[in-house]
**Q** 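Pasting a structure below so you can have a look.
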Protein chains: 2
Amino acid sequence: MAGVTTAAADSADEPGTDVAPATADVASAAADERPATRGGTGSRGGPTEGGDERPRRARGEQTRQLILETALRLFRERGYTETTMRAIAKEAGVAVGNAYYYFDSKEHLIQGFYDRNQAAHRVAAEPVLTREKDFAARLRGVLHAGIDVNEPYHSFAATFFKSAAEPSSPLSPFSRESSPAREAAIAIFRDVVEGSSAKIDPELRKELPELLWLGWMGVVLFWVYDRSPGQRRTRRLIDGIVPLIDRLVGLSRLRVLRPALRQILALIDSIQRDD
Amino acid sequence: MAGVTTAAADSADEPGTDVAPATADVASAAADERPATRGGTGSRGGPTEGGDERPRRARGEQTRQLILETALRLFRERGYTETTMRAIAKEAGVAVGNAYYYFDSKEHLIQGFYDRNQAAHRVAAEPVLTREKDFAARLRGVLHAGIDVNEPYHSFAATFFKSAAEPSSPLSPFSRESSPAREAAIAIFRDVVEGSSAKIDPELRKELPELLWLGWMGVVLFWVYDRSPGQRRTRRLIDGIVPLIDRLVGLSRLRVLRPALRQILALIDSIQRDD
DNA sequence: CGTCTCTCTTGAACACGTTCAACAACGGGT
DNA sequence: ACCCGTTGTTGAACGTGTTCAAGAGAGACG
């Protein structure tokens with residue numbers, strides 16, 4: 001577990017600099033008029049909107065990292081709710097207000113944890129994806145790798161999962177703010193599909209990565225609720241459900257089932273759309 | 001939608017007086033040593049453990065109802081997070097500490113809301129269950145009824161859903177504390193199955209109510225995240241998925257699919273067990 | 001050197017959920 | 001009457017996440 005965590009630690013640079021719109025109104029009732037925090041989670045990168053890469057504003061980046069580092073360490077040591085913002089600030093040697101200059105809220109500190117585990121999952125899945133060619137083996141390996149990566153954090157993952165569950169929260173896996181992480185996660189499952197030797201119906205193939213990611217979210221949900229020692233029930237769920245998915249995917253090419261498949265895909269499409 | 005809400009409003013009396021065990025340890029990590037609050041959410045009914053029905057301790061029950069009533073009203077009017085405990089106390093004309101005498105926390109006030117909507121779902125499902133005999137029609141009607149009942153509360157349901165998501169929370173649908181409500185909900189789906197004209201594999205029939213409830217939880221999850229106007233995507237989901245379930249259930253009696261069904265049921269069983 | 005404009009930093013202050021020691025009200029038991 | 005235990009009630013106080021007006025630091029320009 002230490003190896004994976006370390007591997008993730010030095011890949012601190014962010015994927016893309018997607019500029020999130022300033023109007024982040026999520027149709028909530030509260031009056032949200034905050035000025036988007038200079039070094040905010042999703043919007044750091046190019047300051048003054050110019051794509052300048054010169055380290056002019058790099059001074060604060062150090063503080064930012066320091067706060068994040070300290071926070072994640074304390075979360076791991078004491079748990080999420082037990083770690084106060086004052087403790088983080090004190091431990092990092094800054095004022096409490098300073099943390100709020102870089103992070104909109106305590107929850108936003110979790111986004112860092114989020115990103116890291118995402119990267120760690122990618123790393124842990126790599127060997128499986130190069131070794132295995134069978135679809136079921138690939139899927140199974142990737143799912144287990146995901147659990148491996150998250151296992152050390154199960155106890156406090158359950159705590160902060162609470163935050164992720166709120167739809168309006170930026171931590172929600174479906175939110176716009178975590179869309180880069182989501183895309184990265186889906187990319188893993190795209191690899192699972194495309195690198196596999198399985199013959200898959202082309203229409204299904206297109207949608208499959210996203211569906212597998214959704215299934216993975218389901219597994220994570222189960223895992224969060226899983227109180228069995230070592231979360232072995234989750235392991236059992238994976239081992240049991242992968243062959244079923246494999247069989248279903250294999251069946252997708254049968255002529256007789258074509259209409260049924262079409263119907264299901266159409267349903268998914270009509271639900272995703274919002275017209 | 002107003003009709004349903006009204007129907008739910010005056011059925012303020014609770015279903016049964018199921019005595020929950022006083023030791024409400026949910027195997028959490030935190031040190032939970034609170035003395036279980038005299039008039040606690042699940043343990044009202046017979047005081048002093050004797051099944052005495054005389055209204056000896058009925059004095060406080062009035063205050064309890066007053067606080068709950070006021071709280072739910074304010075939640076509806078202002079939203080959950082916007083409603084402070086101080087506001088509830090003030091509006092109810094009691095001290096803030098008094099609310100904590102009857103309810104362990106602000107979240108526990110939601111349990112009352114929970115119970116009510118559960119009962120309202122039952123009521124709203126009744127006409128469908130007496131009218132329809134076809135399995136798909138019954139299921140569809142019950143699901144839509146559930147959404148009908150919850151619709152007026154969608155905006156703040158999303159907020160408090162956050163609480164329910166935390167596994168250790170008593171509000172979690174899987175927690176021991178909400179097991180009466182869960183059983184009541186499953187009972188509805190048992191009605192759906194048993195009153196239907198559909199021929200169902202007996203082994204599946206036994207597990208089906210719980211599975212349908214689980215599916216219902218999934219629908220609710222989707223509904224919470226559904227931002228489409230009137231949550232019509234959820235409606236579409238229901239209309240689309242019910243025929244699929246119906247077809248699958250019908251297929252369950254086919255001889256060829258027997259082994260597959262067995263396998264799935266065995267998987268579910270092995271996951272539920274924790275050995 | 002002075003001044004202006006950014007980025008960055010501070011810590012007191014606020015509102016909130018929750019706790020707790022104290023007290024009031026009631027209902028027997030003697 | 002008196003006491004006593006239980007039930008019910010109070011409001012100040014604590015610790016928390018978060019905000020904000022104020023200022024420090026560093027460069028740019030004159």
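Labels below follow one simple rule: chain letters A, B, ... track the order of the sequence lines, proteins then strands, and each chain is numbered from 1.
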**Q** Taking the nucleotide of DNA chain D with the closest heavy atom to each, which residue, Ala99(B) or Tyr80(A), is nearer the 5' end?
**A**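 This one resolves to Ala99(B).
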**Q** Taking 4.0 angstrom as the limit, do Asp148(B) and Arg235(B) come out as a salt bridge?
**A**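 Arg235(B) and Asp148(B): salt-bridged.
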**Q** Between atom CG in Leu109(A) and atom C1' in dG17(D), what is the gap in whole Å?
**A**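 One finds 12 Å between C1' of dG17(D) and CG of Leu109(A), rounded.
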**Q** For residues 73-94 of chain B, pull every pair meeting ring-ring contact (aromatic ring centres under 6.0 Å, His included), keeping only residues two or more places apart or in separate chains.
**A**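 Applying ring-ring contact (aromatic ring centres under 6.0 Å, His included) to every pair that reaches into residues 73-94 of chain B, excluding sequence neighbours, yields Phe75(B)-Tyr80(B).
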**Q** Report the end-to-end axis angle of the helix from dC1(C)-dG30(D) to dT30(C)-dA1(D); each axis comes from five terminal pairs, and the value is rounded to 10°.
**A**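 Taking five pairs per end, the axes differ by 30°.
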**Q** Tell me every residue that passes ring-ring contact (aromatic ring centres under 6.0 Å, His included) with Tyr114(A), counting only those two or more places apart in sequence or in another chain.
**A**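 Testing Tyr114(A) for ring-ring contact (aromatic ring centres under 6.0 Å, His included), a comparison that skips the adjacent residues, returns none.
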**Q** Measure from NZ on Lys90(A) to C1' on dT9(C) and round the result to the nearest Å.
**A**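 The answer, rounded to whole Å, is 18 Å.
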**Q** Rounded to the Å, how far apart are Tyr102(A) OH and dT9(C) P?
**A**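 Value for this atom pair: 4 Å.
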**Q** Mind calculating the distance between NE2 (His108(B)) and C1' (dT18(C)) to the nearest angstrom?
**A**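 Checked: the NE2 to C1' distance equals 13 Å.
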**Q** Working note: Tyr153(A) + Trp223(A), criterion ring pair (Phe, Tyr, Trp, His ring centres under 6.0 Å); need CA distance, chi angles, decisive distance, verdict.
**A** CA-CA 11 Å; Tyr153(A) 305 97; Trp223(A) 174 77; 9.2 Å; no
**Q** Hey, what are the protein-to-nucleotides 19-22 of chain C N/O distances that come in under 3.5 Å?
**A**
none

**Q** Rounded off to whole Å, could you give me the CE-to-P distance for the Met85(A) and dG15(D) pair?
**A**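 Answer to the nearest Å: 18 Å.
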**Q** Salt-bridged, Glu69(B) to Arg116(B), with N to O below 4.0 Å?
**A**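 Salt bridge: yes.
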**Q** For the base of dG15(D), is there a side-chain donor-acceptor partner from Arg86(A) under 3.5 Å away?
**A**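 Per atom types, no contact qualifies.
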**Q** Closer than 4.0 Å, any side-chain N/O of Thr63(A) to the OP1 or OP2 of dT9(C)?
**A**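 Yes, within the criterion.
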**Q** Arg73(B): what forms a salt bridge (charged side-chain N to carboxylate O under 4.0 Å, His left out) with it, not counting sequence neighbours?
**A**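 Only Glu77(B), Glu91(B) meet the salt bridge (charged side-chain N to carboxylate O under 4.0 Å, His left out) criterion with Arg73(B).
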**Q** Please determine whether a side-chain nitrogen of the Lys or Arg among Glu151(A) and Arg232(A) lies less than 4.0 Å from a carboxylate oxygen of the Asp or Glu.
**A**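 Looking at Arg232(A) together with Glu151(A), the answer is no, because their closest N to O distance does not fall below 4.0 Å.
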**Q** Provide, to the nearest angstrom, the distance between the CD1 atom belonging to Ile110(A) and the P atom belonging to dG17(D).
**A**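 Roughly 12 Å, once rounded to whole Å.
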**Q** For Thr83(B), report the nucleic acid contact type (base, sugar-phosphate, nothing); a contact means any heavy atom under 4.0 Å.
**A**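 Result for Thr83(B) = sugar-phosphate.
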**Q** Among dG17(D), dG11(D), dT18(C), which nucleotide has an atom closest to any side-chain atom of Lys106(A)?
**A**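 Closest nucleotide to the Lys106(A) side chain: dG17(D).
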**Q** For a quick test of reading the model: is some side-chain N or O of Tyr101(B) closer than 4.0 Å to OP1 or OP2 of dG8(D)?
**A**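 So the side chain of Tyr101(B) is within the cut-off, an N or O lying under 4.0 Å from OP1 or OP2 of dG8(D).
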**Q** Holding to ring-ring contact (aromatic ring centres under 6.0 Å, His included), I want the full list of residues that pass it with Phe222(B), two or more places apart in sequence or in another chain.
**A**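 Phe222(B) satisfies ring-ring contact (aromatic ring centres under 6.0 Å, His included) with no other residue.
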**Q** Measure the distance from CD1 on Ile88(A) to P on dT18(D) and round it to the nearest whole Å.
**A**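 Atom CD1 in Ile88(A) sits about 10 Å away from atom P in dT18(D).
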**Q** Leu74(A) has an atom CG; how far is it from atom P of dG17(D), in whole Å?
**A**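 Those two atoms, CG and P, are 12 Å apart.
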**Q** For Ala181(A), is there any backbone N or O sitting under 3.5 Å from a side-chain donor or acceptor partner on Ser178(A)?
**A**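 Looks like no, no N/O pair under 3.5 Å.
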